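What you are looking at is a predicted structure, and each value in this text was computed from that prediction instead of being measured. Because only heavy atoms are used, hydrogens play no part in the values below, and waters and symmetry mates are left out as well, while side chains stay in. In what follows, chains are A, B, ... by sequence order, proteins preceding strands, each numbered from 1.
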Amino acid sequence: MEMEPLYKPQGVEERWQRTWEEAGDFHPDPASAGPTYVIAVPPPNVTGVLHMGHALNASMQDVLVRRHRMRGFNTLWQPGYDHAGIATQAVVEKQLRAEGTSRLEIGREAFLERVWAWLHEYGGVIMGQFRRIGASLDYERERFTMDDGYVRAVMRFFVHLYERGWIYRDNRIVNWCSDCRTSISDLEVEHLDVDDALTYARYPLADGSGSLTIATVRPATILADVAVAVHPDDDRYAGLVGKDLVVPVVERTVPVIADERVERDFGTGALKITPGHDPLDFEIGRDHGLPELTVLGFDGLIEGDVPAELAGLTEDEAAERVVEWLREHGQLEKRESYRHAVGHCERSGTRIQPLVSLQWWCRMDELARPAIEALESERVRFHPPVHGRVALDWLRAIRPWNLSRQLWWGHQLPIWYCPDGHVTCAESEPVACGECGSEQLERDPDVLDTWFSSALWPFATLGWPEETPELRAFYPGDVNVTGRGIIFLWECRMLMAGLELMGTIPFHDVVINSNVLDGVGRTMSKSLGNGVDPLDLIHAHGADATRYGLLKMSSTQDVRFTTGPIEEGRKLANKLWNASRLLLAGGGVEVEARPSSLEERWILARIDATRAELEADLDGYDFAHAVDRLYHLTFDDFCDWYLEAIKPRLGEPDVRATAFAALERLLKLLHPVLPHVTEEIWSHLPARESRLILAPWPEPMPHDAADAEALATAQTAARIYRRSGVRIKVPGESERIFEAVVRPSPDGQGDVEAERGRVHREIERAERMLANEKFVANAAPDVVEAERRKLADYRAELDALGG
RNA sequence: GGGCGCAUAGCUCAGCGGGAGAGCGCUCGCUUCACACGCGAGAGGUCCCUGGUUCGAUCCCAGGUGCGCCCACCA
């Protein structure tokens, strides 16, 4: 095949992607012997498309996976999709609305059929996009959190927890999203600052002896007040505790109670208690045995025991009426503007409506304990470590998990009720009630939180609860790579589920990838329209360049996106391509390291040193430094020095054989980052039978420090020559390299004076330091020694410059 | 309200106790027979501010300013 001077990734990349996959290179055999290396991809939403976060996350994982595959590990990168309960249901509901109907109108069964139909037509496109970026996932093993086997795993998990006694049903306050029409967990609530009005309302004492003023941001909830609480030590209200007040509008008589959870210095220090619609009030209400009244329904509209003219209003409308009532009755003391944080549904952006409802919960303390221990003992490590400490804090203060969602799309709870209200929990539909034997069973309509199934991902994808060969071979896995946003939602729960069900941690390292922000530091989002489509980058620069660029940008910090690093990657691929063209142009049949000259011994040593550094980078999940190292190895060491030095001798068979050997090692190191261009070049190397993807990772080689020093001499001489035009005499082989690398410029001399000045300044600096007695006395001996050597080197340079 | 992190060249970022770095951009010179997605040379920086520790601070400590993130039941 002809090698053009300009490397064009388009076509080449797709061809290798097909070749690798069709050859089964991504598909490990569970029966193979030897150590395994396993990563389960964070399952993208089945409705999703590839965005920058996926592209970065996948690039990182693919580097780890490809390197371990080359090192001989039986490597599995497990792919699949998440059913993404709320998100998917919302998409289809929106579609129904556009058709003038609704899920309630068409019914549960028809709705679920619609979801499946929609998924078959439009869902599941992201695996194709993963292929395009070169992700070496085992696509033959694609799993879905709603496939039959996975559903069995979810049911088994639930029943297991139920039998442990950790799952219970309770009427408690939940985060209700009136838009999604479901409860959501604390972790799905986003706190946003909101401008509100703080309304001060007077509640008259029932005995007519005066009134007490409370402050509220939600006047509509006055309708559900069941008490007013003050701090027990608050002198202002000491005499009022135990007396009765009359709630405005509804004119209900309620007690004044004392509770330490009331903040004395907020508002008036008197807190109206609305257990039905406020989490703190709920707790206080339970402790004081107060009733839990509800005036806001699941639809966010006023309902319940309220004046008829208020029923059916929105909360805001009702609030207006209540304030109006207060004003008319002289009970409105004042209203002032007030900015504070309010919980919003992360998915819909709707303001959370705390309300009491009957939900299924899971106690988490016993599940958390082994996970806490795994983190404390560092059997599981986070990278960077700060996230592990945050995860620990969360686990130590863990709260019950609201498992049930009032949705249709998802895993329906394996809970059945008989007419007498007995509960039967079973993996599949029971024939009769476990308590009374009734055969009239009705299944709980709710579904499980999406993250309940995600918790099982590292082993449910391998066939659990069946004892499959895959489960035996590939569990536990090694690493999980994901974003910061789902450490509690996903990472912590995988740890807990893995320890509980499998008895072991699902992976030993958790790598948290950075967020890719837009050019001015904002999160990329659909609504802002500031997102960059990774597929556009791949089309423009190639998958290799995109991978390189994203890895270069990755860091422990969030990073602002620029195309610079991706263009750098494209140049690296092109440079490598042209270096290979230079070597391949002359033909040749041998690939064998037979170094005879200094530069040959040096480049082999240099590549090997980089191999060791690269391994250290990757072992620490430092991808940015890893790719930077590869860039400079390729450009500076391999091309600028080695190739330039051997160019005059490229006709010699031994020189060619060694050059091919050096290129082969370079390609191997680059392959995990730039899989396509390296595989393409590899296929042009002499006597290639296997593919680079399966080639063994380079073994360590002995180094000779003297070679590096001799090469450095040539490099210094060349630098001085280029800058000043002064030729420094260098010994033996260094002299030949100098000759090969320096091409005298036709314009003649550089600036000797400028170079002399530069060296002069360095000498002065070193002399000043060494003249400082305190420095010589207090600094570490090796630091002083290094400074002396520098001084000597600079003096030699100055001498060479004639000055 | 609590916790964490970041401020270094025009831009995006490395470095984190002893000579201020990379890539891009910019200037100048090169159609040198692998590559103009290239080669060579160069300009450009009170390393946010104020104190402190140290022989020595971009790097450590304290405070300040600005930005960001996470957690959170002060209505």
Under-4.0 Å side-chain N/O to phosphate OP1/OP2 contact, [X] with [N]:
{"X": "A:Thr563", "N": "B:rC24", "answer": "no"}
{"X": "A:Asn778", "N": "B:rC55", "answer": "yes"}
{"X": "A:Lys571", "N": "B:rA22", "answer": "no"}

Polar pair under 3.5 Å, donor/acceptor by atom type, side chain A:Gln557, base B:rA7: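 There is none.
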
Watson-Crick or G-U stems involving RNA chain B, each at least 3 pairs long, distances under 3.5 Å, ordered by first number: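 As far as RNA chain B goes, consecutive pairing (with distances under 3.5 Å) yields the stems B:1-7 with B:65-71, B:10-13 with B:21-24, B:26-30 with B:38-42, B:48-52 with B:60-64.
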
Euclidean distance, atom [atom1] of residue [X] to atom [atom2] of [N] [Å, nearest integer]:
{"X": "A:Tyr548", "N": "B:rC37", "atom1": "OH", "atom2": "P", "answer": "18 Å"}
{"X": "A:Glu785", "N": "B:rG18", "atom1": "CD", "atom2": "C1'", "answer": "15 Å"}
{"X": "A:Met553", "N": "B:rA14", "atom1": "CE", "atom2": "P", "answer": "12 Å"}
{"X": "A:His541", "N": "B:rC24", "atom1": "NE2", "atom2": "C1'", "answer": "13 Å"}
{"X": "A:Lys774", "N": "B:rA57", "atom1": "NZ", "atom2": "P", "answer": "13 Å"}
{"X": "A:Leu582", "N": "B:rA34", "atom1": "CG", "atom2": "P", "answer": "6 Å"}
{"X": "A:Glu644", "N": "B:rA34", "atom1": "CD", "atom2": "P", "answer": "9 Å"}

Each nucleotide in nucleotides 66-75 of chain B should get exactly one letter: B, S or -. Can you fill that in based on protein heavy atoms under 4.0 Å? ---S-SBBBB

Is there a side-chain contact between A:Arg629 and A:Asp617 in this structure, where contact means two heavy atoms from C-beta onward sitting under 4.5 Å apart?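 Yes, close enough: below the 4.5 Å cut-off.
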
Regarding A:Lys272 and A:Thr274, is there a side-chain donor-to-acceptor distance under 3.5 Å anywhere?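 Checked: A:Lys272/A:Thr274 side chains pair up, N/O donor to acceptor below 3.5 Å.
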
Looking only at side-chain N and O atoms, does A:Arg335 offer a donor or acceptor that is under 3.5 Å from a partner on A:Thr199? yes

